[in-house]
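Heads up, the thing below is written out as structure tokens.
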Amino acid sequence: GENVEQHPSTLSVQEGDSAVIKCTYSDSASNYFPWYKQELGKRPQLIIDIRSNVGEKKDQRIAVTLNKTAKHFSLHITETQPEDSAVYFCAASVTGYQKVTFGTGTKLQVIP
Amino acid sequence: GAGVSQSPSNKVTEKGKDVELRCDPISGHTALYWYRQRLGQGLEFLIYFQGNSAPDKSGLPSDRFSAERTGESVSTLTIQRTQQEDSAVYLCASSLWPRSTSYNEQFFGPGTRLTVL
């Protein structure tokens, strides 16, 4: 089955700096890669996703890149703000088979 | 409409007791997932239901865990003879597929915090 690894497990950045979270996956059939944000005590929510037919997707201060050859994808947050502090999960799945495999999470702390 | 709901929000039980957790998915969502999240840990897949297909139970940690879903509606996760290591937040999620344009976007419920004394 699919295995998703995520690094780092914790990340502290100064407000205004950029943050990068990296994930690798094992199943070459995976073609959908969502990222979820979980604020303290709250439920995970989708913040951005990317499909295998594109290499990069951007939404305001967040962007995701995908390298299918190397089987890794990354989340980039620019101009970080305190409200970006949360746990971020990457995930991978295969269209047509809905089981989603999550990474172990990255706790991001943005220091004001 | 309303999002995914779960009940109870908190459950404290004694070791050895059975517990039942409930999930109400978003109306019309064909897929339903259960995850376990231990304190400070990631999302551990437990079980997945898709319409009337056989559920994917590959993540259930032991035969003490079981889940049911009637059609495309409510699901219950049952843990028998609870152990202290079962203490965690149990999250339910649902998704709309294949009609969704966001592939497998999952909408999570608020979770049930289970504490086994």
Side-chain angles (χ1 to χ4, degrees), chain A residues 1-11 21 23 25 27 29-54 57 59 64 66 73 86-109, chain B residues 2-6 9-10 23-26 29-60 69 72 89-113:
Chain A
E2 175 69 279
N3 181 50
V4 177
E5 295 190 355
Q6 183 171 350
H7 300 280
S9 57
T10 60
L11 178 61
I21 302 170
C23 290
Y25 61 99
D27 188 349
S30 289
N31 59 1
Y32 175 64
F33 307 93
W35 287 86
Y36 287 81
K37 175 183 180 182
Q38 186 177 29
E39 297 178 5
L40 187 63
K42 297 189 177 180
R43 69 193 79 182
Q45 291 190 303
L46 180 73
I47 56 170
I48 194 168
D49 55 19
I50 191 168
R51 305 173 192 178
S52 60
N53 58 344
V54 298
K57 183 177 179 180
D59 183 4
V64 58
L66 171 65
F73 56 113
V87 177
Y88 292 80
F89 294 97
C90 63
S93 70
V94 179
T95 304
Y97 179 58
Q98 287 210 70
K99 181 178 176 180
V100 179
T101 303
F102 284 85
T104 49
T106 296
K107 183 176 181 179
L108 173 65
Q109 181 184 19
Chain B
V4 178
S5 61
Q6 292 185 244
S9 55
N10 282 284
C23 172
D24 284 275
I26 294 172
H29 278 197
T30 58
L32 186 147
Y33 309 76
W34 283 98
Y35 297 93
R36 179 169 69 180
Q37 187 173 34
R38 291 196 168 105
L39 186 64
Q41 302 296 311
L43 299 170
E44 179 185 0
F45 167 79
L46 297 177
I47 189 169
Y48 149 59
F49 296 90
Q50 169 60 45
N52 294 318
S53 302
D56 180 344
K57 305 179 181 181
S58 60
L60 294 178
R69 186 185 187 195
E72 296 183 355
V89 174
Y90 289 82
L91 288 163
C92 172
S94 69
S95 69
L96 176 63
W97 185 90
R99 295 182 293 278
S100 169
T101 58
S102 297
Y103 279 55
N104 295 348
E105 178 179 0
Q106 299 190 23
F107 296 84
F108 284 84
T112 293
R113 182 176 299 278

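Below, chains carry the letters A, B, ... as their sequence lines are ordered, and counting in each starts from 1.
The part of A:Gln38 that comes within reach of chain B is its side chain, from C-beta onward, which places non-hydrogen atoms under 4.5 angstrom from that chain. Only the side chain of B:Tyr35 comes within contact range of chain A, with heavy atoms under 4.5 Å apart. B:Gln37 touches chain A through its side chain: at least one heavy atom from C-beta onward sits under 4.5 Å away, while N, CA, C and O do not. Using a 4.5 Å cut-off between heavy atoms, B:Val4 touches chain A through its backbone atoms (N, CA, C, O) alone.
Here the closest non-hydrogen pair linking B:Leu43 and A:Phe89 is N-CE2, 4.0 Å. Minimum interatomic distance between A:Arg43 and B:Gly109 (heavy atoms only, all atoms of both residues): CB-O, 3.3 Å.
Taking B:Asn10 as the reference, B:Arg113 meet the side chain to side chain contact (heavy atoms under 4.5 Å, CB included) condition, with sequence neighbours excluded. A:Asn53 is linked by a side chain to side chain contact (heavy atoms under 4.5 Å, CB included) to A:Arg51, counting only residues two or more places apart in sequence or in another chain.
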TODO: Kindly determine whether A:Tyr36 and B:Gln106 satisfy side chain to side chain contact (heavy atoms under 4.5 Å, CB included), including the steps that lead there.
DONE: CA-CA 9 Å; A:Tyr36 287 81; B:Gln106 299 190 23; 3.4 Å; yes
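Atom CG of A:Asp59 sits in a crowded spot, with more than 12 heavy atoms from other residues, nucleotides or ligands closer than 6.0 Å.
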